[in-house]
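Some notes on the structure that comes next.
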Amino acid sequence: MRTFGLIDGNSFYCSAERAFAPELRGEPVIVLSNNDGCAIARTAEAKARGIKMGDAWHLIRERPGVRDVRWFSSNYALYGDMSRRVYEVLAARVPRVEPYSIDEMFLDLDLPEGVDVTAFCRELRDVVRQIAKIPTCIGYGPTKTIAKLANGVAKDRPELRGLCDLRDARARAQLYAELPAGEVWGIGGRTAEKLDRRGVRSIADFVAMDAKQTRELLTVVGARVQAELRGTSCLPLSLIVPPRKGMAVTRTFGQPVGDWATLREAVAAYATRAGEKLRAGGLLATVMTVFCHTNPHNGDPWHSAQRTAQIEPTSDSLALIAEAVRLLRPCWKQGYRYSKAGVMLAELVPAARQPVQLFPTRDPVQSARAMAVLDTINGRFGRGTLRPLATGIARPWQAQARNLSPRYTTRAGEMLIARVW
DNA sequence: TCTGGGGTCCTAGGACCC
DNA sequence: TCTGGGGTCCTAGGACCC
């Protein structure tokens with residue numbers, strides 16, 4: 001029997017903030033989404049005050065018990081780097097690690113004969129906490145889906161002290177009877193409702209369903225989840241990162257944008273960011289979609305539009321800006337207050353495999369040189385140090401981030417300084 | 001009472017995830 | 001004043017082909 005593990009950071013973004021600000025230990029802490037919109041990470045102390053995932057900050061911040069919660073704008077430079085540190089600690093000790101999300105990694109726990117999995121996991125938690133400064137939980141069992149479920153149990157039940165072992169079928173059977181089917185990875189709200197209508201409530205009910213019926217009701221996806229819960233592994237650990245299929249840069253504006261010039265600037269900036277991501281991944285985009293829409297929440301007149309087009313394969317920011325602005329033009333209508341826009345790229349192809357253009361609109365050598373200079377300077381001095389003029393100067397559309405912590409680990413000027421007397 | 005069968009590709013929409 | 005961003009996969013149905 002194989003053993004998969006899932007390790008994940010407790011309230012990961014909050015823990016990353018705490019790693020460099022020890023005075024936050026024991027305090028309720030939350031991290032907000034872009035634009036300081038809603039809560040996307042909460043410590044146990046913050047959860048105890050009734051703050052829910054996705055709560056709009058401006059609606060809850062004056063509530064009793066919430067006023068003294070320590071809140072942060074999201075600092076992805078910090079979280080991404082902390083995630084990398086966790087990975088490195090794990091990869092040095094576990095033969096195969098598959099990063100699943102910024103705060104979760106699957107582990108191959110088929111350890112050498114005589115190594116006790118539980119003791120090994122306990123030690124792994126300790127060392128991740130010591131070196132990467134992130135508290136974690138680990139769940140493990142014979143399939144990824146079971147490991148993920150175990151991880152959730154470890155998180156919810158402090159008495160388990162961060163570990164949950166679901167290798168044993170009897171332990172699983174007991175848990176399956178207690179937990180609702182919706183707790184399972186891959187069973188979302190819609191599917192849980194569908195199951196509920198058929199009287200399937202607990203995981204045990206779901207596991208007991210006829211496999212053929214499951215397949216008919218929930219397609220191959222549901223059938224796979226069921227098989228995994230029964231202990232048949234269908235989702236292998238994968239160490240190769242599949243090539244990405246698309247990418248998107250979409251943002252809600254810091255304030256509504258009515259005029260064409262400002263909207264164009266914002267979209268130019270998103271196209272620029274998309275170009276950086278393409279080049280970082282060694283990719284070219286061949287299809288682009290641009291969209292913009294007004295605020296769906298505040299009663300403003302609704303307008304939403306989008307345009308898609310095939311583009312000449314490129315990762316050149318200036319070329320992307322030109323295409324994006326061309327597509328945006330027919331989307332914009334005078335008199336509306338736009339709240340969000342985005343640039344999405346699809347049909348990505350590896351730059352290395354790109355056939356030579358017969359009649360390129362840009363000199364490829366010059367383009368590559370210009371982008372290399374841009375990336376080098378921005379890599380050294382920070383994103384946006386050097387940027388196309390089309391992305392604007394004042395940038396009133398930029399997202400709000402009123403309480404951003406320092407980028408402790410990725411910017412020399414923002415490092416913590418320890419003084420020793 | 002009657003309609004051919006079988007294949008591919010593309011797109012929109014749904015559902016899920018963190 | 002203020003409500004996130006970025007992904008993946010699957011299916012149904014239409015267009016088109018021989």
Side-chain angles (χ1 to χ4, degrees), chain A residues 6-13 30-42 51-62 71-76 79-80 83 98-106 144-145 148-149 151-152 155 181-195 215-225 234-235 238 241-256 270 273-274 277 281 287 289 291 293-300 306 308 310 337 339-348 396 398-403:
Chain A
L6 180 71
I7 182 166
D8 94 323
N10 302 343
S11 321
F12 184 72
Y13 296 173
I30 63 171
V31 171
L32 302 177
S33 64
N34 250 26
N35 251 326
D36 298 335
C38 43
I40 53 170
R42 306 111 70 220
I51 299 177
K52 302 268 179 305
M53 193 70 173
D55 273 353
W57 182 230
H58 73 101
L59 295 179
I60 63 162
R61 63 184 303 171
E62 292 305 326
W71 63 278
F72 291 90
S73 306
S74 33
N75 184 345
Y76 289 103
Y79 312 148
S83 175
E98 177 197 341
Y100 170 62
S101 73
I102 194 164
D103 73 326
E104 290 169 278
M105 323 213 171
F106 282 105
K144 280 183 160 182
T145 304
K148 184 95 163 88
L149 187 70
N151 176 272
K155 250 188 290 187
E183 295 277 300
V184 174
W185 183 42
I187 300 187
R190 295 307 180 91
T191 305
E193 258 175 51
K194 233 190 234 183
L195 290 171
R215 157 82 230 236
E216 275 162 22
L217 186 67
L218 305 179
T219 79
V220 293
V221 182
R224 195 158 53 207
V225 172
C234 309
L235 304 167
S238 117
V241 184
R244 69 149 89 211
K245 311 211 157 154
M247 71 171 58
V249 178
T250 74
R251 297 274 187 288
T252 299
F253 302 136
Q255 51 183 270
Y270 300 168
R273 178 72 194 118
K277 287 165 76 172
V287 170
T289 298
F291 74 85
H293 63 70
T294 58
N295 190 329
H297 302 292
N298 68 354
D300 272 3
Q306 67 170 62
T308 299
Q310 197 96 30
R337 289 153 46 89
S339 70
K340 180 171 177 174
V343 173
M344 301 189 288
L345 303 174
E347 310 277 303
L348 309 184
Q398 273 198 316
Q400 310 278 357
R402 294 187 185 83
N403 193 28

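Quick caveat: nothing in here was measured; it's all calculated off a predicted structure. Below, chain A is the first sequence line, B the second, and so on; all start at residue 1.
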[X] has an atom [atom1]; how far is it from atom [atom2] of [N], in whole Å?
X: A:Ile187; N: B:dC16; atom1: CD1; atom2: P; result: 9 Å
X: A:Gln398; N: C:dC2; atom1: CD; atom2: P; result: 17 Å
X: A:Leu6; N: B:dC17; atom1: CG; atom2: P; result: 14 Å
X: A:Arg251; N: C:dG7; atom1: CZ; atom2: P; result: 10 Å
X: A:Asp103; N: C:dG5; atom1: CG; atom2: C1'; result: 15 Å
X: A:Trp57; N: C:dT1; atom1: CH2; atom2: C1'; result: 16 Å
X: A:Asp36; N: C:dC2; atom1: CG; atom2: C1'; result: 9 Å
X: A:Tyr76; N: B:dC18; atom1: OH; atom2: C1'; result: 10 Å

For a quick check of understanding: with a heavy-atom distance under 4.0 Å over all strands, which category does [X] fall into, base, sugar-phosphate or nothing?
X: A:Gly189; result: sugar-phosphate
X: A:Trp185; result: sugar-phosphate
X: A:Asp55; result: nothing
X: A:Asn35; result: nothing
X: A:Gln400; result: nothing
X: A:Val225; result: nothing
X: A:Thr191; result: sugar-phosphate

Could you list, one pair per line, each protein nitrogen or oxygen that sits under 3.5 Å from a nitrogen or oxygen of nucleotides 8-15 of chain C, together with the distance?
from	atom 1	to	atom 2	distance (Å)
C:dT8	OP1	A:Lys245	N	3.2
C:dC9	OP2	A:Lys245	NZ	3.0

Those residues that, when tested against A:Val220, pass side chain to side chain contact (heavy atoms under 4.5 Å, CB included) (two or more places apart):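 A:Val220 satisfies side chain to side chain contact (heavy atoms under 4.5 Å, CB included) with A:Arg215 only.
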Report the residues that fulfil salt bridge (charged side-chain N to carboxylate O under 4.0 Å, His left out) with A:Arg224, sequence neighbours left out, ordered by chain and then residue number.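 A:Arg224 satisfies salt bridge (charged side-chain N to carboxylate O under 4.0 Å, His left out) with no other residue.
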Mind checking salt bridge (charged side-chain N to carboxylate O under 4.0 Å, His left out) for A:Glu183 and listing every partner two or more places apart, or none if nothing turns up? none
Between [X] and [N], is there a side-chain N or O to OP1/OP2 distance below 4.0 Å?
X: A:Thr252; N: C:dG5; answer: yes
X: A:Thr250; N: C:dG6; answer: yes
X: A:Ser33; N: C:dT3; answer: no
X: A:Lys340; N: C:dG5; answer: yes

Would you call the rings of A:His293 and A:Phe291 parallel, tilted or perpendicular, taking 30° and 60° as the class edges?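 It falls in the parallel class, under 30°.
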Give the nucleotide from the list [options] with an atom nearest to the side chain of [X].
X: A:Pro256; options: C:dT1, C:dC2, B:dC17; result: C:dC2
X: A:His58; options: C:dG6, B:dC17, C:dT3; result: C:dT3
X: A:Asn295; options: C:dG7, C:dG4, C:dT3; result: C:dT3
X: A:Ile40; options: C:dG4, B:dC18, C:dT1; result: C:dG4

Distance in Å, A:Arg251 CZ paired with A:Asn35 CG, rounded so as to fall on 0.5 Å steps: 10.0 Å
NZ-SG distance between A:Lys52 and A:Cys38, expressed to the nearest 0.5 angstrom: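 One gets 14.5 Å once the value is rounded to the nearest 0.5 Å.
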Within 6.0 Å of CD in A:Glu347, more than 12 heavy atoms from elsewhere: no
Which pair of non-hydrogen atoms, one from A:Ala41 and one from A:Tyr13, has the smallest distance, and what is that distance?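 Scanning both residues, the minimum pair turns out to be CB-CB, 3.8 Å.
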Nearest atoms (heavy-atom pairs only) where A:Val225 meets A:Gly186: CG2-CA, 4.4 Å
Who passes ring-ring contact (aromatic ring centres under 6.0 Å, His included) against A:Trp57, sequence neighbours left out? A:Trp71
Of A:Lys277 and A:His297, the one whose closest nucleotide on DNA chain C sits nearer the 5' end is A:His297
Hey, is A:Asp55 close enough to A:Arg42 for a salt bridge, meaning N to O under 4.0 Å? no
Does DNA chain B take part in any stems of at least 3 consecutive Watson-Crick or G-U pairs (both distances under 3.5 Å), and if so, which ones?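 Stems (3+ consecutive pairs) listed as B:5-18 with C:5-18.
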Separation of the C1' atoms in C:dG4 and B:dC17, to the nearest angstrom: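 Looking at atom C1' only, C:dG4 and B:dC17 are 15 Å apart.
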